[in-house]
Amino acid sequence: MEHRILSRYRSRHPHSYHHLLRRIVLLAALFVLALDVAALAQDTLPPPPPADATAAGQNPAPGQNDVRAVRVSDVAGQVQVFQDGQLAFNQAEPNMPAVEGMRFVTGEDGRLEIEFEDGSVARLAPNSSFRLTQLRRDAQGNAITRIDALTGLSYYELNSRAGQFAVGLAQENATPEGASIFRVDLDNDPNELAVMQGEVHVGDGDGVSVDVHPNQTFQTDPSQPGQFTVADSINANSWDQWNSDRDQELADMESSETTARASTTNPDDASWNDLDYYGSWYSVPGYGEVWSPNGVGADWDPFGDGSWGYYPAFGYTWISAYPWGWWPYHCGAWDYLDTWGWIWAPGNCGWGLYGAGWMPYPTVWHGPPAWKPPMRPRRPSTPLPRIIAVNRGPQYAAPFRFDHARSLQPRPLDFNGATIAPLQAGIHPVQRGPLGETFTASLVRQHPELAPAAVRSAGTPIVRVPQPRMPVPSAPLSSWGYHPSRPAAAPRAPSGGSPRSGGGAPRSSGGGSHPSGGGGGKPHR
């Protein structure tokens with residue numbers, strides 16, 4: 001039938017027949033190319049995240065969000081990362097996600113700190129190693145953490161506010177009874193566990209069962225199972241001062257906090273302290289409370305310094321080189337305000353992976369004119385580097401290279417013809433550092449009017465407060481989470497016009513690009 005139609009058309013229109021034939025061939029080629037591009041995009045990205053189980057302040061469904069990713073919060077010198085017996089990363093980096101099964105090994109000059117959701121930390125001194133043997137949640141959403149000390153010297157400051165912790169050493173298990181600080185030294189003969197604060201139960205399920213109290217040292221010889229001693233003293237170690245110095249640095253960052261995170265699902269996560277210390281919060285109409293780093297201008301790029309790191313479970317994840325670069329690259333979304341610069345709007349920051357409060361790649365709503373993001377690499381079908389560095393210029397990292405003793409100056413935010421001053425710090429914990437007072441306890445003590453009525457009457461810390469969820473986009477994802485549709489639930493400018501351009505949602509002149517890593521639509525508050 002089609003052949004007869006073409007033959008009839010050729011006989012009646014001999015001059016235009018060849019033009020028609022060329023058009024058909026061209027359209028067929030374009031169709032095949034489109035199929036190839038679509039297949040490539042599907043091979044490039046992980047699936048879109050599921051709906052947020054914690055959007056209404058509820059625990060995740062049993063068995064849904066049992067995987068956790070915690071933060072490598074400090075690295076110095078050589079630190080290697082192994083997983084499944086293989087070298088995963090030749091050099092650990094700050095803000096690198098740490099997942100279950102990872103083994104960290106420090107070199108002669110290496111030091112490492114891993115920070116957990118409740119502010120607890122585990123640290124490695126030089127020539128030492130430990131493994132994150134268990135890093136999960138149970139059916140009720142409670143965190144379960146087991147760290148096996150393997151070699152050398154390690155420190156543990158565990159709040160026990162976010163679930164169960166256990167530390168393994170040789171044949172014994174050390175379980176803190178409440179908040180505790182202790183040191184494990186496997187270089188000594190016999191092995192030692194020294195308790196500086198709190199109480200730690202040590203047992204092997206057989207002949208060893210003892211509670212070790214402050215200023216006591218548990219000693220055991222792996223070659224003589226079941227035998228141990230407990231000394232009523234602690235020998236000083238030359239690395240104790242390093243551990244104390246890290247505590248002081250974290251305490252300095254926690255000294256002055258805003259109330260911006262009070263409505264999030266996890267206000268006690270220590271990663272919020274970085275944002276209070278390195279930047280400022282602003283209450284912006286249409287957005288709610290947003291954050292921007294201090295000491296930068298409109299030409300600064302939030303993706304100017306970092307890397308893509310490959311994880312088998314979720315592909316390449318963004319690892320920011322900025323010291324505050326944890327939450328802004330795994331939840332919420334970045335947006336660019338014309339002439340002023342970048343802001344970050346929190347949202348969906350909380351538990352687990354993929355749509356439950358943590359995403360491996362960032363979200364961007366709009367960028368400045370001609371701005372392009374660092375493209376997320378494909379899942380490697382052929383060997384690719386496990387770390388792919390992104391460095392757009394030293395000027396982007398320079399503002400944050402300063403001593404912890406001082407901070408950068410904030411700047412007023414120009415928005416929609418008005419000047420918005422930064423939120424002032426109003427939370428000052430009584431005791432700071434990894435085992436200090438929680439943010440929510442400070443909030444209830446200093447600003448009881450900001451706490452829910454049930455919390456004020458009970459006098460207990462806030463556990464979970466519902467947070468506006470950033471909806472998952474329905475449009476297909478492309479190679480970096482971009483989708484061409486306009487964000488859902490986009491807020492309108494309060495005066496009926498756009499803050500900078502002429503109508504609709506707050507946006508930049510860059511327009512057009514809407515990355516949707518963890519949630520695609522702007523929260524309407």
Side-chain angles (χ1 to χ4, degrees), residues 37 40-46 48-49 93 95-97 290-293 296-311 314-322 324-338 340-348 354 358-380 384-385 387-397 400 470 472-473 475-487 490 505-522:
V37 170
L40 176 63
Q42 292 176 0
D43 185 52
T44 298
L45 282 182
E93 298 180 5
N95 294 317
M96 176 179 282
V290 301
W291 179 86
S292 183
V296 302
D299 59 346
W300 174 77
D301 188 345
F303 301 93
D305 195 13
S307 59
W308 291 104
Y310 182 74
Y311 287 69
F314 41 79
Y316 278 98
T317 184
W318 180 257
I319 302 171
S320 173
Y322 300 134
W324 42 263
W326 181 248
W327 282 136
Y329 300 95
H330 297 296
C331 61
W334 287 95
D335 202 8
Y336 185 84
L337 302 181
D338 290 350
W340 193 84
W342 290 91
I343 59 173
W344 176 72
N348 220 31
Y354 292 111
W358 192 93
M359 284 296 296
Y361 40 86
T363 297
V364 178
W365 285 325
H366 302 98
W371 178 84
K372 293 182 179 180
M375 299 305 292
R376 184 170 184 258
R378 296 181 56 190
R379 292 172 180 266
L384 287 178
I387 286 283
I388 300 177
V390 175
N391 187 342
R392 296 185 164 187
Q395 70 274 20
Y396 297 121
F400 311 109
M470 307 180 70
V472 175
L477 299 176
S478 69
S479 61
W480 199 64
Y482 282 85
H483 61 91
S485 61
R486 192 173 181 82
R507 62 176 299 160
S508 74
S509 59
S513 298
H514 310 286
S516 57
K522 295 182 182 178

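For the numbers below, each heavy atom of this structure counts, side chains included, while hydrogens, waters and symmetry mates do not.
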### Message
Among residues at least two apart in sequence or on other chains, which ones pass ring-ring contact (aromatic ring centres under 6.0 Å, His included) with Trp327?
### Response
Trp272
### Task
Specify the closest pair of heavy atoms between Gly325 and Asn95, including all atoms of both residues, with the distance to one decimal.
O-CG, 3.3 Å
### Query
Can you check whether Trp318 and Trp308 have ring centres sitting under 6.0 Å from each other?
yes
#### Entry: Point-to-point distance, once rounded to the nearest 0.5 Å, from NZ of Lys372 to CG of Asp301
13.5 Å
### Task
May I ask you to decide if Gly309's main-chain N or O and Thr317's side chain share a donor-acceptor pair within less than 3.5 Å?
no
### Query
Has the side chain of Thr363 got a donor or acceptor atom that lies under 3.5 Å from a matching backbone atom of Ala333?
no
### Of Phe303, Trp358, Tyr361, the residue whose pairing with Tyr329 passes ring-ring contact (aromatic ring centres under 6.0 Å, His included)
Phe303
### Task
Verify the ring-centre separation between Trp324 and Trp291: is it less than 6.0 angstrom?
yes
### Message
If I compare all heavy atoms of Gly347 with all of Cys331, which pair ends up nearest, and what's the gap?
### Response
O-CB, 3.6 Å
### Message
Could you check whether any side-chain N or O of Tyr311 sits under 3.5 Å from a backbone N or O of Pro97, counting only pairs where one atom can act as donor and the other as acceptor?
### Response
yes
### Message
Can you give me the closest heavy-atom contact between Pro328 and Trp334, atom names plus distance?
### Response
O-NE1, 2.8 Å
### Message
Return the CH2 to CG distance between Trp342 and Leu337, rounded to the nearest 0.5 Å.
### Response
10.0 Å
### Message
Ignoring hydrogens, what is the shortest heavy-atom contact between Ser307 and Glu93? Give both atom names and the distance.
### Response
OG-OE1, 3.0 Å
### Query
Rounded to the nearest 0.5 Å, what separation is found between the CH2 atom of Trp326 and the CD1 atom of Ile319?
9.0 Å
### Message
Testing Trp340, Tyr336, Tyr322, Trp371 one by one against Trp300 for a ring-ring contact (aromatic ring centres under 6.0 Å, His included), which residue passes?
### Response
Tyr322
